[in-house]
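One structure below.
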Amino acid sequence: MTAPAKKRATYQDVLDAPPNMVAEVLLGELHLSPRPARRHGKAASTLGMELGGAFERGRGGPGGWVIFDEPELHLGEDILVPDLGGWRTERFPLGADEEAYFVTPPDWVCEVLSPSTSRYDRTDKLTIYARERIPYVWLVDPRERTLECYVLEGSAWKLVGSHRDSAVVRAPPFEVFNLELGALWLPEA
């Protein structure tokens with residue numbers, strides 16, 4: 001006897017998720033994860049401030065970007081919530097500003113890895129981001145204090161930089177800016 005086909009998750013499943021969870025639909029499957037822990041939150045918040053000042057506001061950088069914390073992306077049937085997403089100003093979707101989500105893929109995303117999400121961030125999400133032709137992905141690991149920078153080449157990800165601890169980084173697409181990785185980490189106990 002064949003097992004019944006599993007129902008594909010929908011946006012309604014996301015809307016029905018408990019409010020204390022981040023809900024995503026990856027390749028037809030609903031994924032729930034807890035709100036980020038302190039290490040994760042510190043890394044994402046600080047990175048957003050650093051890049052937002054330089055690349056959105058033009059303070060110490062060239063401007064030309066719109067950076068969002070936890071943008072909800074509706075990409076085909078997939079619903080993703082990266083920790084950060086950025087659109088070049090000329091590609092930022094204007095108009096439906098009352099919508100809670102974006103259907104235009106960003107030009108850059110950053111996933112901050114945590115024990116509950118790392119496996120999907122590195123597999124399903126990277127697959128979807130490649131399918132949607134998002135040219136740049138960063139993976140930040142606050143436990144290991146690392147930053148991995150990927151560029152899409154054809155349909156495959158190419159690792160173009162791997163940095164750790166308190167390195168000063170110039171990474172695409174923000175290579176005109178010195179990012180001090182040490183600012184992203186909580187102090188050691």
Inset, instruction - For the pair T117 (side chain) and L113 (backbone), establish whether a donor and an acceptor sit closer than 3.5 Å, ignoring hydrogens and angles. - result: no
Legend entry - Which atom of A130 lies closest to which atom of S155, heavy atoms considered: CB-O, 4.0 Å
Inset, instruction - Of all the heavy-atom pairs spanning L47 and C110, show the shortest one and how long it is. - result: CD2-SG, 3.6 Å
Inset, instruction - Please answer: with hydrophobic residues joined when any side-chain heavy atoms are less than 4.5 Å apart, are V140 and L84 in the same cluster? - result: yes
Legend entry - Contact check, side chains of P34 and N20, non-hydrogen atoms, under 4.5 Å: no
Legend entry - Neighbour count above 12 (heavy atom, 6.0 Å) for E144 CD: no
Inset, instruction - Indicate, with yes or no, if V169 and V176 share a hydrophobic cluster defined by side-chain heavy-atom contacts under 4.5 Å among Ile, Leu, Val, Met, Phe, Trp and Tyr. - result: yes
Legend entry - Beyond-backbone contact of V25 with Y11, side-chain heavy atoms, under 4.5 angstrom: no
Legend entry - L152/R133 under side chain to side chain contact (heavy atoms under 4.5 Å, CB included): CA gap, chis, key distance, verdict: CA-CA 7 Å; L152 188 63; R133 314 292 308 145; 3.5 Å; yes
Legend entry - More than 12 heavy atoms from other groups under 6.0 Å of CD on E70: yes
Legend entry - Working for side chain to side chain contact (heavy atoms under 4.5 Å, CB included), residues D124 and H31: CA-CA 11 Å; D124 297 354; H31 291 270; 4.2 Å; yes
Inset, instruction - Check whether V137 and V160 end up in the same hydrophobic cluster, where Ile, Leu, Val, Met, Phe, Trp and Tyr are linked by side-chain heavy atoms less than 4.5 Å apart. - result: no
Inset, instruction - Supply the atom-to-atom distance S45 OG to E50 CD, rounded to the nearest 0.5 angstrom. - result: 11.5 Å
Legend entry - Interatomic spacing from CG in D121 to CG in L139 - rounded to 0.5 Å: 7.0 Å
Legend entry - Donor-acceptor contact present, side-chain W157 to main-chain E153, <3.5 Å: no
Inset, instruction - Would you please classify the geometry between the F92 ring and the F68 ring as parallel, tilted or perpendicular, with 30° and 60° separating the classes? - result: parallel
Inset, instruction - Before giving the answer on side chain to side chain contact (heavy atoms under 4.5 Å, CB included), spell out for L75 and R131 the whole-Å C-alpha distance, their side-chain angles and the decisive distance to 0.1 Å. - result: CA-CA 9 Å; L75 305 174; R131 181 194 73 208; 4.2 Å; yes
Inset, instruction - Identify whether the distance between the nearest side-chain nitrogen and carboxylate oxygen of R122 and E148 falls below 4.0 Å. - result: yes
Inset, instruction - Could you tell me whether a side-chain N or O of K125 sits under 3.5 Å from a main-chain N or O of R119, the two making a donor and an acceptor? - result: no
Legend entry - Side-chain heavy atoms of S114 within contact of R39, under 4.5 Å: no
Inset, instruction - Starting at CG of L184, measure out to OG of S166 and round the result to the nearest 0.5 Å. - result: 11.0 Å
Legend entry - Side-chain heavy-atom pair L51, E56 within 4.5 angstrom cut-off: no
Inset, instruction - Would you check if the side chain of T89 reaches a backbone N or O of W65 as a donor-acceptor pair within less than 3.5 Å? - result: yes
Legend entry - Side chain proximity check, D13 to T10, heavy atoms < 4.5 angstrom: yes
Inset, instruction - Start with the C-alpha distance between L179 and V168, add both sets of side-chain angles, then the distance that settles side chain to side chain contact (heavy atoms under 4.5 Å, CB included), and finish with yes or no. - result: CA-CA 5 Å; L179 173 64; V168 176; over 6 Å; no
Inset, instruction - Would you check if the side chain of R145 reaches a backbone N or O of D165 as a donor-acceptor pair within less than 3.5 Å? - result: no
Legend entry - S162 side chain reached by L147 side chain, heavy atoms, under 4.5 Å: no
Inset, instruction - Return yes when atom CZ of R57 has more than 12 non-hydrogen atoms of other residues, nucleotides or ligands closer than 6.0 Å, and no otherwise. - result: no
Inset, instruction - State, with a plain yes or no, whether a side-chain heavy atom of P93 is found less than 4.5 Å away from one of V103. - result: no
Inset, instruction - Search all heavy atoms of G86 against all heavy atoms of I67 and return the closest pair with its distance. - result: CA-CD1, 4.1 Å
Inset, instruction - Drop me the distance from K7's NZ to L30's CG, to the nearest 0.5 angstrom. - result: 8.5 Å
Legend entry - Least distance between heavy atoms, P82 atom then P71 atom: CD-O, 3.3 Å
Inset, instruction - Rounded to the nearest 0.5 Å, what's the gap from CG on L186 to CZ on R143? Could you check? - result: 10.5 Å
Legend entry - Within the 6.0 Å centroid threshold, strictly below: Y136 and F174: no
Inset, instruction - Would you name the heavy atoms of P172 and V151 that are closest together and state the gap between them? - result: CG-CG2, 4.1 Å
Legend entry - Same apolar cluster: V22 and L27, side chain cutoff 4.5 Å: no
Legend entry - Side-chain donor/acceptor of E24 to backbone N/O of I79, under 3.5 Å: no
Inset, instruction - Provide the closest heavy-atom pair for V112 versus H40 in the form atom of the first, atom of the second, distance. - result: O-CE1, 2.8 Å
Legend entry - Separation of D107 CG from W87 CH2 (nearest 0.5 Å): 9.0 Å
Legend entry - Path from F55 to M49 over hydrophobic side-chain contacts below 4.5 Å: no
Legend entry - V109 and W138, any side-chain heavy atoms less than 4.5 Å apart: no
Legend entry - Sidechain-backbone polar pair: W108 side chain, I134 backbone, donor-acceptor under 3.5 Å: no
Inset, instruction - Would you please say whether a donor-acceptor pair under 3.5 Å links the side chains of E111 and Y129? - result: yes
Legend entry - Modelled atom types, side-chain donor and acceptor of N178 and R170, under 3.5 Å: yes
Inset, instruction - Begin from the C-alpha positions of H74 and F102 and carry the test ring-ring contact (aromatic ring centres under 6.0 Å, His included) through to its verdict. - result: CA-CA 6 Å; H74 289 219; F102 297 92; 9.7 Å; no
Legend entry - Backbone of G52 reached by a side-chain donor or acceptor of R59 within 3.5 Å: no
